[in-house]
Amino acid sequence: MINVETLSLSHDGKDILKSISFQIKPGETLALIGESGSGKTSIARILLGLIDGHQKTCRPSCHGFRWSGRACIDELDILQASPAQLRKARGQKIGLIVQALTDALNPHFTVHQHMHEVLQSHRLTGLTVQDAYIARNVPVSLHQRYANSLSGGEIQRILTALAMVTHPKYLILDEPTASLDPDNRERAIHAFSKGKEDRGQLLITHDLDLARTMADRVGVLLRGELIELGPTAKVLSQPQHPYTQSLIRFATSGDCKPATTQNAQSGLKIRDVSYHIEGRAILDRVAAFIPQGSCVAILGPSGSGKSTLARIVCGFKSAQAGSITWVNTSNEDDKLSTRSDIAFVSQYPHRSMARHFSVAQVLKEALTLAEPTQHMNLDDQIKAILDWVGLPNHKEFLAQKTATLSGGEAQRLAIARALITKPKCLVADEPTSALDMCAKAQVLELLQKLQTAHGLTLILVTHDHTVAHTLADTCLHLRNGQLEKP
């Protein structure tokens, strides 16, 4: 049994967790939900023995961290365990499955080499790499590929196979479906559910539907406190705490309405764009016209080429055939300068900015590169940009490191940075998939406001049909290398 008793954690005097208590029995799944920065991932890191320094000492403080209470896996208190005990627990008792990110895998290893390393380190003799993978729905065709050539769904299958091959007694699932399309999401849920009656599972998620599907109980975290804990159906249908009630409202809200097209004669023209990998057509003469001021959502399964198309539109990747131009009302085509005319917003804002930069440094760097307005000094321009995106502009926030921002704050800062060049078009790749419900609503509202107020053309790459229908004037599906209307 996982048993957490009055667990508290702070770093440099700032509280992260405050007297948290819960249990997870074998055969039970507990979901932890709450806003970014509420402490969910800190609990997972403690249970895995990964809080900086505590794997090296039994003292209740190290490297700026201080803790108290107990975090036990069966009879082992992780906070008091030796490095050897932690290694044994991670090897035999507890597994981890994270979000399907390319950087969750070693970029220098093939899929085959990842499993070979796991089997070797855990001394799992009598099981071949091929048998281990095939039993867990990873086909032979993937075994010699590297992470950067895999789709999100393929990465998730590999991460699941690597975690499950040791048959862990307990499993931690940290946002395991956030970047998956609906089909791969269902496959992942099936894989996580297989054999779950024999193990305890901690599910960390922003996805309330996933919590409803998988969890027996739900706990709600707010600023490091466990404010609500109970059976899933009761917590999600009859929430008692005002914060939980607000989460449910945000999850079911459909208040945003799509912006209307401002100028149907001007816009972005994608003309016969093609891209092949190893002889396979990822994009096959893709063509589309996206009117100025409109939003087009591009949907499709993992591996269908959505991100490839987005990177080509932004100029990060060159099309092997075709062109991207801006059509003016005069019916003349302008060449696009990808530096200033098209901007990109990633679904992982913290990874897109230097962790050691402050908010002010992120924007100063972008303004300097974009040749800032001469009649305003940099500080005034930064404050004006933060106002655009609804972020504070006082000196304390300007001095904050990007690593300390919440998910919603980081995404709005990334959007602010993207807007500095005053682009004609903004490409947003899954801009809300890593956010909690409140932050997701704020970012959607911001994108809609910017689209309406500035005539911004928005290309939204997403798996989330709710997000697509909230913002988009038109939805297009990328199938078999071509864009189609549903």
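All figures in this text were calculated on a predicted structure; none of them were measured in a lab.
Minimum heavy-atom separation, Leu247 to Leu208: O-CD1, 4.1 Å. Considering all non-hydrogen atoms of both residues, Ala310 and Val461 come closest at CB-CG2, 4.0 Å. In this structure, Val98 and Leu159 approach most closely via the heavy-atom pair O-CD1, 3.8 Å. The two residues Pro168 and Gly95 come nearest to each other via the heavy atoms CB-N, 3.7 Å. Leu447 and Pro431 make their closest contact through CD1-CG, 4.3 Å (heavy atoms, listed as atom of the first residue, atom of the second, distance). The two residues Ala414 and Val345 have their closest heavy-atom pair at O-CG2, 4.5 Å.
Contact check for Leu202 versus Tyr170: no side-chain heavy atoms found under the 4.5 Å cut-off. Side-chain atoms of Leu150 and Leu105, non-hydrogen and from C-beta on, do get closer than 4.5 Å to each other. Proximity of Gln113 to Asn106: side-chain heavy atoms (C-beta onward) are nowhere separated by under 4.5 Å. Using a 4.5 Å cut-off on side-chain heavy atoms (C-beta onward), Asp207 and Asp209 make contact. When side chains are defined from C-beta on, His116 does not count as touching Phe109, because their heavy atoms never get closer than 4.5 Å. Between Gln245 and Glu228, every side-chain heavy-atom pair lies at or beyond the 4.5 Å cut-off. Two residues are said to be in side-chain contact when any heavy atoms from C-beta on lie closer than 4.5 Å; Val138 and Thr160 fail this criterion. Contact check for Leu476 versus Lys485: side-chain heavy atoms found under the 4.5 Å cut-off.
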Evaluate the side chain to side chain contact (heavy atoms under 4.5 Å, CB included) criterion for residues Met353 and Arg417: first the C-alpha distance (whole Å), next the side-chain angles of each, then the deciding distance (0.1 Å), finally the verdict. CA-CA 10 Å; Met353 297 180 285; Arg417 181 182 61 179; 3.4 Å; yes
Determine, step by step, whether Leu222 and Glu35 satisfy the side chain to side chain contact (heavy atoms under 4.5 Å, CB included) criterion, reporting the C-alpha distance in whole Å, the side-chain angles of both residues, the deciding distance to 0.1 Å, and the verdict. CA-CA 7 Å; Leu222 176 62; Glu35 64 189 7; 3.7 Å; yes
For Gln144 and His112: C-alpha separation, side-chain torsions, deciding distance, then whether side-chain hydrogen bond (donor to acceptor under 3.5 Å, both in side chains) applies. CA-CA 6 Å; Gln144 298 306 318; His112 181 281; 4.8 Å; no
Let's go through His167 and Asp198 carefully: what are the C-alpha distance in whole Å and the side-chain angles of both, what is the deciding distance for side chain to side chain contact (heavy atoms under 4.5 Å, CB included) to 0.1 Å, and is it a yes or a no? CA-CA 10 Å; His167 299 288; Asp198 297 322; over 6 Å; no
Audit row: Leu210, Ile189, side chain to side chain contact (heavy atoms under 4.5 Å, CB included) steps and yes/no: CA-CA 8 Å; Leu210 182 63; Ile189 291 171; 3.6 Å; yes
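Between the side chain of Arg66 and the backbone N or O of Ser10, no donor-acceptor pair lies under 3.5 Å. No donor-acceptor pair closer than 3.5 Å links the side chain of Gln156 to the backbone N or O of Thr177. Judged purely by atom type and a 3.5 angstrom limit, His350 uses its side chain to pair as donor or acceptor with the backbone of Leu405. With hydrogens and angles ignored, the 3.5 Å screen pairs no side-chain donor or acceptor of Asp74 with any backbone N or O of Leu76. Thr402 contributes a side-chain N or O that, together with a main-chain N or O of Ala354, makes up a donor-acceptor pair within less than 3.5 Å. Panel note: side chain Thr462, backbone Ala468; no donor-acceptor pair is recorded below 3.5 Å. A donor-acceptor contact shorter than 3.5 Å is absent between the side chain of Thr232 and the backbone of Arg212. With hydrogens and angles ignored, the 3.5 Å screen pairs no side-chain donor or acceptor of Lys317 with any backbone N or O of Thr308. Listed for the Lys306 side chain is a donor-acceptor partner under 3.5 Å among the backbone atoms of Gly300. One N or O on the side chain of His241 and one on the backbone of Tyr243 form a donor-acceptor pair closer than 3.5 Å.
In this structure, Phe344 and Phe316 have perpendicular ring planes: the angle between them is above 60°, well past the 30° mark.
For the atom pair Leu32 CG and Ile43 CD1, the distance stands at 5.0 Å (nearest 0.5 Å). One distance of note links CG of Leu471 with OG1 of Thr466; it measures 11.5 Å at 0.5 Å rounding. Annotation: the span from Leu299 atom CG to Arg479 atom CZ amounts to 9.0 Å, rounded to 0.5 Å. Residue His114 holds its NE2 atom at 7.0 Å from CG of Leu162, rounded to the nearest 0.5 Å. Note that CG of Leu47 and CD1 of Ile2 are 5.5 Å apart. Values are rounded to the nearest 0.5 Å. For the atom pair CG of Asn137 and CD1 of Ile158, the computed distance is 11.0 Å after rounding to the nearest 0.5 Å.
Applying the salt bridge (Lys or Arg N to Asp or Glu O under 4.0 Å) definition to pairs two or more places apart or across chains, those involving residues 135-148 are Arg145-Glu154.
By the 4.0 Å N-to-carboxylate-O rule, Lys25 lies too far from Asp216 to be salt-bridged with it.
Residue Thr29 forms a side-chain hydrogen bond (donor to acceptor under 3.5 Å, both in side chains) with just one option from Lys196, Gln201, Arg199, and that option is Gln201.
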Check: residues 15-23 side-chain donor-acceptor pairs under 3.5 Å, at least two apart:
from: Ser21; atom 1: OG; to: Thr6; atom 2: N; distance (Å): 2.8
from: Gln23; atom 1: NE2; to: Asn3; atom 2: OD1; distance (Å): 3.4

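Taking a 6.0 Å sphere around CD of Glu197, one finds it holds more than 12 heavy atoms contributed by other residues, nucleotides or ligands.
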